[in-house]
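Have a look at the structure below before the remarks.
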Amino acid sequence: MAHSKNRATDGKITYPPGVKEISDKISKEEMVRRLKMVVKTFMDMDQDSEEEKELYLNLALHLASDFFLKHPDKDVRLLVACCLADIFRIYAPEAPYTSPDKLKDIFMFITRQLKGLEDTKSAQFNRYFYLLENIAWVKSYNICFELEDSNEIFTQLYRTLFQVINNGHNQKVHMHMVDLMSSIVCEGDSVSQELLDTVLNLNKQAYDLAKALLKRTAQAIEPYITNFFNQVLMLGKTSVSDLSEHVFDLILELYNIDSHLLLSVLPQLEFKLKSNDNDERLQVVKLLAKMFGAKDSELASQNKPLWQCYLGRFNDIHVPVRLECVKFASHCLMNHPDLAKDLTEYLKVRSHDPEEAIRHDVIVSIVTASKKDLSLVNDHLPGCLYWRVRKEAMMGLAQIYKKYALQAEAGKEAAKQISWIKDKLLHIYYQNSIDDRLLVERIFAQYLVPHNLETTERMKCLYYLYATLDGNAVKALNEMWKCQNMLRHNVKDLLDLIKQPKSDSYNKAVFSKVMVITRNLPDPGKTQDFVKKLAQVLEEDEKIRKQLETLVSPSCSCKQAEVCVVSTVSLHLAGKSTCSYRHRIHQSHSFISFFSALIKQVNKSIEGTADDEDEGVPTEQAIRAGLELLKVLSFTHPVSFHSAETFESLLGCLKMEDEKVAEAALQIFKNTGNKLEESFPHIKSVLLPVLQHKAKKGSPRQAKYAIHCIHAMFSNRDTHFAQIFEPLHKSLDTDNMEQLITPLTTLGHLAMLAPEQFAAPLKSLVANFIVKDLLMNDRIPGKKTTKLWVPDDEVSPETLAKIQGLKLMVRWLLGVKNNQSKSGNSTLRMLTAILSSDGDLTEQGKIGKPDMSRLRLAAGCAILRLSQEPCYHEIIALEQYQLCALVINDECYQVRQAFAQKLHKGLCRLRLPLEYLAVFTLCAKDPVKERRAHARQCLVKNINLRREYLKQHAAVSEKLISLLPEYVVPYAIHLLVHDPDYVKVQDIEQLKDIKEALWFVLEILMAKNENNSHAFIRKMVENIKQTKDGQCPDDPKINEKLYTVCDVAMNIVISKSTTYSLESPKDPVLPARYFTQPDKNFSNTKNYLPPEMKSFFTPGKPKAANVLGAVNKPLSATGKLQTKLSRMETISNASSNSNPSSPGRSKGRLVSQTHIHVMYMEDYTFSMKSPSETEKPSRGRKRGAAANQDDKVQESKPKRGQKKAANTSTDDAEDQWGEDSSMAEASMETEDEQNSPPKRGRRGRPPKSAASKDETPSKGRRGRRKTAPPADEENEEEQEEEEDDEDDAGSENIEVKPKGRRGRKPSGGRSRAAASQEEESEEEMNTAQQSEEEEDEPMDSSPKVSFLSSENP
């Protein structure tokens, strides 16, 4: 090598053979020609040619001169670059150039030449490629490692290569570039930040090249990447690189290229997830969402700490962070099913997020994932409808149901998994919001029973849908059709009004009808203008009016309805209200033209040719459900049943053995057969004997419906009634009780429908047979059991016969509707005697406890029914009213439940007088939380209903004392004054119970201060304090109780209101029966409360409560803060034992049992029993006697039942959908105890003698002794279903119950199966509460004011 250097110093340049001197003296063309020959020479040389290397050393040095490196011609520069590349190859490992500056110039020169690679179509491209290939193969640039400016050379090389790479390059070009650059990274000592920036800051075309480079050099470059992110993420040195602003995007791209590049960076992200900077956390969350959610990503399994840290951001305080986490969930669920468990748990938490956008995206995430794979989130779908973004949840669930259940895209197993969706969707119809209801109607028409299906397929879909719905969903669907039918009738009424001549009354009537229609549409305020405009259009345009008349006519088909709606409404009135109006009107006609197909489907099931088993429905269940469906539709569209085919099919159903099927068929005949006698005489001739047979020999309910069918369908009904009455009347025999139940049912309904026709025999029947032979005799001893309630099939026939006897008496009185014969007084004394004797009227001890419970319930409900008739309400004494009210505190849970349902139903129809609303105040100390919640629910609904009624009917203002909800306060005060448990006037515990009872109703009344009602209540209480008790005006102790209770009420009003001191809007009128006229000379300003009571009146404004707010509390969930209300409830129930035992109420006897017997018998003029029987001493004492022995009673009386916190059951409207499981848990805990004996005595019943302490408790003291439930009775949960008490008309299809949403399994609670069993058990009980008082009513359940008491002040 030293020799070569010597030769180089000689300066003589040797050229290859045939090549002359290359200098600036020759032309460019000649220079190119000569350089090509030089290139060829160097190209052919190899490293072993030592002589040639020495020979051409000066030429190599000459080619590196500035003359060539800076030559203006690109061809010359290219050829020189090729020569230099070969020179580096030939002279490797040491280059002939020793000057660092020269080496830098040479490599910068070669780098510049590489730009020629950009044009792949250039004639010189192959030479450029040769240049690249040569330097890449030889790794020529590695010589630069020792240069000080190596970083500049490498950076320029990288930039050049990344700039020239394009889609026109083949794989070889790409490979050589990667080889060239990777050698620099892998074999160099370091990678500068500038070089790293060059690699990372790329355009789209260079992405693949950089990706390949990073993959090739992952291990070598990873420390430098880590150092860069350390500088930026941990130290915050954003100035180290221009890429600092895009650090998170870089992390994602590097992770997608090779996760090993970020082995040391990912822990830094865990730190960043906990940053105090909201924006920074958000950026990291967005980054990790993409990294975790990538299709083939294994980051979650490889880095579990980071995954858990990321999941924690679902509970981040910053809303956008939580929102980003939720948005990521569906993508991750679909790509990584193994992460579904973790994600769905956190989604469940976020489903209760206070931000609506987050709740919305939770629903979207779950629904989106479900559409792809149902198994991912199926266990969490039931929670969707409890979220406060119901619209998106419902639509999403409906789409899932249609996909998997109707279209069966994933098979029967998947359809079975989501079968619950249809029930939950229909349950939303229980909501008060009209928007919710409209949405349910829309979902029903689009997804549950799609309107675009063929007629036969659509009816089949409806048929099996109805057969598989749960009880609450069936009620909701029935209510939906009822509401649509009511809307159609309201529109029809509006059309009839418009035809009348205009007047002042006309304008008021039209406005009133417009307001009614408006309430059936969303946003009533805006919709009101729309409906007014519609009314004006109908007045002016006769064509549109006729089309709308066609639309609301019962015979309108779906196709006609669509045409009419489009041509009338849409063309004249646009907007959201129009769409809703059109939708509701059209929906009411959805099934009119399909009845034939539906009936054929039912016939197929009857004939055994239907696909019932394939649809997962037993044939008997399908037939029963089909008839129930037809029964419901017979209320809304009776005209559609008028065909021989339909009536013949119903006749076939009457001959079936299934009692339920026959009952439904009878009800359909009753609803639709008003023209059967004229239009279908051949059907009549066959039907009449069947009806007569059912009335005589059928089941009690069949007999009932058969009688009503004859009454509704036949003109000569008197003759047919006589043919039934006479043989039944003569054949009554108490020796065979089982054969007595149906005749008594039939005779009872005949007595109600035709009281005058059978007046004489009925009076004799009641006096001699019902009272004397049936009720006053106990023939068969009852079973000895400690249970208070048994299923229907275990009730003795004698008890069932007695219940029917009581109902016969009541129905007869309701048919007569007058008390001229004083039969009403006698009947009331009989009923109160049953209550006073705890159900054992004869007091012989033969009747079992379950039978006594049934008889008490029957007596209490009978008084409620008589109270709905004004002529009988007037004769009910206050003592009788109070005794009836105490049934709601009966020791038997089922009695309390059934009585409350009957009471609520009568009040909702505005048939029961207002004082009966006060009875619910006694529920404040019911030991079962569910019963308290239900009572509160009933109060809310009744109070709201009365307020709404008063707004709509201004003409009834003179009846305010009968309708204004605030007037319930005097009745509640009076009822509590005479509460048997209120014995010691100044007893703190008793006064606390009085306070709880008053607050139970005042909390709801004071939630809204409408028309300054707080001041009105205060004034009313003040006025009561200036009077005396109307029942016992001369009893000083009773009056002291009255004033003490008034002070309790006054303190509640003062502590909970800020406007009580204002002027009352009107002077209250007190009921004259309950209070004496105020004494003007008497000013009662004394405070009767003990000083200790002041601490129990805590100030605070009552919260407005929704109807469902008392029952459906927010469900506690992970990550959700417990509300103050839920804490108070927890505290309130901590010291209580939620068992269904009696609140300890017992009734003081009003008069002697024998005396009542005598009076009743004398009224019916038949003889008495022997004197020895009449002289039997009475059991129990009068109320007055009990009041005079305070101390003794107080000592013997067991400790009072569970008390309820003052503001338990209140709830903000926004928490309505949160689902608190506390109420459900309380009811579940008590489920197994409901048929067990009570744990304490019934209220107010004093012991008869001291000697009785060691004896078996008498009937008057049942339940005093604490008895543990037998082990084999824990699951006895079947509820009462009285044969005669089903709601025929379906006018209360939606019962207000606290169980509408208990499908969810509470945290730490019972299993889903147990909850389901409980719901079914409760549903059994609810069906038992349906009363026969609506048997002749249409589907319309709007309040019918049959009783508006007009008390004389």
Side-chain angles (χ1 to χ4, degrees), residues 449 455-456 458-460 462-463 466-467 474 477-478 480-482 484-486 488-489 492 552-558 560-561 587-606 622-656 660-688 690-691 694 702 705-706 708-715 1288-1291 1293 1335-1340:
V449 185
T455 300
T456 303
R458 188 181 185 196
M459 288 301 100
K460 181 180 178 181
L462 173 64
Y463 180 65
Y466 201 85
V474 168
L477 184 56
N478 295 345
M480 184 183 80
W481 286 329
K482 183 195 74 175
Q484 293 172 351
N485 187 53
M486 288 173 59
R488 191 175 70 243
H489 281 294
K492 187 176 183 300
V552 298
S553 68
S555 59
C556 181
S557 67
C558 277
Q560 288 176 311
Q587 281 299 306
S588 66
H589 291 275
S590 292
F591 301 108
I592 294 179
S593 60
F594 301 122
F595 281 103
S596 177
L598 183 58
I599 291 171
K600 288 179 181 178
Q601 185 66 43
V602 177
N603 288 337
K604 285 183 180 180
S605 294
I606 296 174
I623 297 173
R624 186 179 299 181
L627 266 295
E628 287 295 323
L629 173 59
L630 289 173
K631 181 185 74 175
V632 173
L633 295 176
S634 69
F635 288 105
T636 57
H637 304 95
V639 177
S640 302
F641 285 80
H642 291 175
S643 69
E645 180 186 12
T646 300
F647 288 133
E648 288 171 0
S649 298
L650 294 174
L651 276 174
C653 294
L654 288 178
K655 299 175 183 178
M656 296 182 64
K660 295 289 185 183
V661 171
E663 291 166 11
L666 286 169
Q667 287 177 282
I668 296 172
F669 268 120
K670 186 195 77 170
N671 298 332
T672 63
N674 57 331
K675 296 184 179 179
L676 183 143
E677 189 174 26
E678 302 173 5
S679 305
F680 306 96
H682 63 289
I683 300 291
K684 173 201 169 183
S685 61
V686 180
L687 177 61
L688 182 58
V690 176
L691 295 177
K694 293 289 185 185
Q702 289 178 359
Y705 300 139
H708 283 275
C709 277
I710 294 174
H711 183 265
M713 296 165 61
F714 300 122
S715 56
D1288 304 341
S1291 54
N1293 286 316
E1335 52 206 357
D1336 293 320
E1337 292 180 7
M1339 191 78 167
D1340 186 353

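Atom OG1 of T455 and atom NZ of K460 lie 14.5 Å apart (nearest 0.5 Å). For the atom pair CD (Q667) and NZ (K631), the distance works out to 4.0 Å, reported to the nearest 0.5 Å. A distance of 3.5 Å separates OG in S649 from CG in N603, rounded to the nearest 0.5 Å. H489 contributes atom NE2, which lies 12.0 Å from atom CD of Q484 (distance to the nearest 0.5 angstrom). Summarising the geometry, atom CZ belonging to F641 is positioned 9.5 Å from atom NE2 belonging to H637; distances are rounded to the nearest 0.5 Å. Between the CG atom in L629 and the CG atom in L462 there is a gap of 5.0 Å [rounded to 0.5 Å].
Remark: K604 engages no residue in a side-chain hydrogen bond (donor to acceptor under 3.5 Å, both in side chains) (not counting sequence neighbours). With sequence neighbours left out, the side-chain contact (heavy atoms from CB on, under 4.5 Å) criterion links A712 to K670. Applying the side-chain hydrogen bond (donor to acceptor under 3.5 Å, both in side chains) criterion to S634, with sequence neighbours excluded, gives N671. Applying the ring-ring contact (aromatic ring centres under 6.0 Å, His included) criterion to F647, with sequence neighbours excluded, gives F669, F680. By the side-chain hydrogen bond (donor to acceptor under 3.5 Å, both in side chains) test, S643 is found to be paired with T646, residues two or more places apart in sequence or in another chain being considered. Take A625 and apply the side-chain contact (heavy atoms from CB on, under 4.5 Å) test, not counting sequence neighbours, and it matches Y466, A467.
Counting only heavy atoms from C-beta outward, the side chains of L687 and M713 approach each other to under 4.5 Å. Between E663 and I668 there is no side-chain heavy-atom pair separated by less than 4.5 Å. You'll find the side chain of L477 reaches within 4.5 Å of the side chain of M480, heavy atoms only. A 4.5 Å side-chain heavy-atom check between E648 and I683 finds at least one atom pair inside the cut-off. A heavy-atom distance below 4.5 Å is found between the side chains of C653 and I606. A 4.5 Å side-chain heavy-atom check between L650 and L627 finds at least one atom pair inside the cut-off. Y705 is not listed as a side-chain neighbour of L691, based on a closest heavy-atom distance of 4.5 Å or more. Proximity of Q601 to M459: side-chain heavy atoms (C-beta onward) are nowhere separated by under 4.5 Å.
Across all their heavy atoms, M656 and I623 have their closest contact at CE-CD1, 3.9 Å. V602 and G626 make their closest contact through CG2-CA, 4.1 Å (heavy atoms, listed as atom of the first residue, atom of the second, distance).
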Could you go step by step and tell me if C709 and F714 meet the side-chain contact (heavy atoms from CB on, under 4.5 Å) rule? CA-CA 8 Å; C709 277; F714 300 122; over 6 Å; no
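A donor-acceptor distance shorter than 3.5 angstrom exists from the side chain of T636 to the backbone of L633, with no hydrogens or angles considered. The backbone N or O of L654 sits less than 3.5 Å from a side-chain atom of K694, completing a donor-acceptor pair.
Residue pairs meeting the salt bridge (charged side-chain N to carboxylate O under 4.0 Å, His left out) criterion with at least one member in residues 671-681, sequence neighbours excluded: E677-K684.
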